[in-house]
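Notes for the one structure printed next.
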2 protein chains.
Amino acid sequence: MTDTLPPETDAQENRPYHHGDLRRALIEAARTIVVRDGAQALSLRGVAREAGVSPAAPYHHFKDKQELVLAVGKLGFEELGEVMAAEIHRVGGTVAERITAIGVAYVLFARDNPALYRLMYDCSRNMEALPPEMHEKEHSAYAIVRNAMIEAGRASPDSEIDVELATIAAWCSAHGIAEMGGFAQFAPLKEALGGELNFYRELLRRTGNFQAR
Amino acid sequence: MTDTLPPETDAQENRPYHHGDLRRALIEAARTIVVRDGAQALSLRGVAREAGVSPAAPYHHFKDKQELVLAVGKLGFEELGEVMAAEIHRVGGTVAERITAIGVAYVLFARDNPALYRLMYDCSRNMEALPPEMHEKEHSAYAIVRNAMIEAGRASPDSEIDVELATIAAWCSAHGIAEMGGFAQFAPLKEALGGELNFYRELLRRTGNFQAR
DNA sequence: AAGATCATCTTGACAGCGTTCAGATGAATT
DNA sequence: AATTCATCTGAACGCTGTCAAGATGATCTT
């Protein structure tokens, strides 16, 4: 066979020397540990172990443990945006159906990845590195919610303040439900409502921010 | 002077032997550290240091670091309940004014004690030890919100499910605003609205759960 | 009042953590 | 082929949570 080295098709400028792509490997190892064992079980040494490198190796790609955590959070926000965009596309339908689907998708993402979601929140709280990026990309989670607010008539596109407030209010509602909805004490209520999904839909309905106007 | 030992008036059964009341001292030292330096700066050894005892001393009062953190969270919920009750009493006025005041008080508590609030949330999430207590006491934060929902006509007292849903929906809204409202990126928006308080009031209004019906 | 009991606190130790630094490795450049 | 330099390793530091063994002294028993 002819010399078939690693693809080298793209991202050549980011590929480090010794490992294939240690930076990416570390981020994914960290994500795996967070999802599997929780955020408090995330140690830099453990991540290095999982990636098969020495404890000091990560310091050539991240100045801090915090910086690695930030990268994991950023990855999480990208995933969240993708999930929401995919759900909008899947649902199609009316504006009212789509905006509700966005809220549900947000909350379900948090339900499915509670530790990752929590870590993502910590990232956006502790650093100002993330927020600008949230606004940047067209398909970011923030942009999706923002566009939905306008589309659903919950904010006048003429007033930037109105749009921002509507987006933030919706985001806060979703955040509250996303974080608290998983409490064990709500289990009987979920059952009484005929399932978890009805529970989340009902809470979203009562806050009213993911309803078309 | 006649033998004037410590008062011994009350709480005699809880007072330990050597220290005055090490358990309480540790909880308050931990609370101080969390409020002052943040939750990630909270170490059991640091708490012991602050209380002037050896690193192993806390293990005679808490089986875990986690158990101490839980006690701090419980204290926080008590404080929150007191603040909300005091605010209701202070405002008086109509039902509409009072229910809004509850939401504002909740959010401001989180603004003033962000690290403590975050820790409280972690407690109520990670353990089932706290939730039952939230329902128990008449003046607990949960009971206050619950009563307010009934009083404000946001839930029919005949339907337990309706009351619970209204309470949870309101709590989720307040939680979302409480945690996200402090983001640095919202500073310009706060200014545009003429102050932080207006910002919080507007978000509470848009979620609608702290409005009388 | 004297002795026994037992909760409380200290001392010392262990593994694991984040982080740093000097040196080894090997891909890229000259 | 020699050099450069990003990358990785090994060893070390002080910190952490936790535990076991011993000292302390308040309370209980007699």
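Letters A, B, ... mirror the listed sequences (proteins, then strands); counts begin at 1. Since the model is a prediction, treat every value here as computed from it, not as a measurement.
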- Separation of A/Arg24 CZ from A/Leu75 CG (nearest 0.5 Å): 6.5 Å

- Item | Parallel, tilted or perpendicular: ring planes of B/Tyr117 versus B/Tyr106, cut at 30 and 60 degrees | perpendicular

- Query: Which whole-number value in Å describes the distance from A/Asp21 CG to D/dA6 C1'?
  - Reply: 14 Å

- Donor-acceptor under 3.5 Å (B/Arg154 side chain, B/Gly208 main chain): yes

- Query: Between A/Phe62 (CZ) and D/dT7 (C1'), how many Å, whole number?
  - Reply: 14 Å

- Side chain proximity check, A/Phe109 to A/Glu79, heavy atoms < 4.5 angstrom: yes

- Query: Atom CZ of B/Arg23 and atom P of C/dC9: how far apart are they, to the nearest Å?
  - Reply: 13 Å

- Over 12 foreign heavy atoms within 6.0 Å of CD, B/Glu191: no

- Query: Reckon B/His61 has a side-chain N or O less than 4.0 Å from the OP1 or OP2 of C/dA7?
  - Reply: no

- Can you find a heavy atom in the side chain of B/Met149 that is under 4.5 Å from one in the side chain of B/Ile99? yes

- Task: Decide yes or no for B/Leu42 and B/Leu68: does some side-chain heavy atom of the first lie under 4.5 Å from some side-chain heavy atom of the second?
- Result: no

- Other residues, nucleotides, ligands: >12 heavy atoms within 6.0 Å of B/Arg111 CZ: yes

- Rounded to whole angstroms, how far apart are CG on B/Leu26 and P on C/dT8? 12 Å

Enumerate the protein-to-nucleotides 4-6 of chain C contacts in which both atoms are nitrogen or oxygen and the separation is below 3.5 Å.
none

- Whether each nucleotide of nucleotides 16-21 of chain C has a protein heavy atom under 4.0 Å at its base (B), only at its sugar-phosphate (S) or at neither (-) is summarised, 5' to 3', as -BBBBB

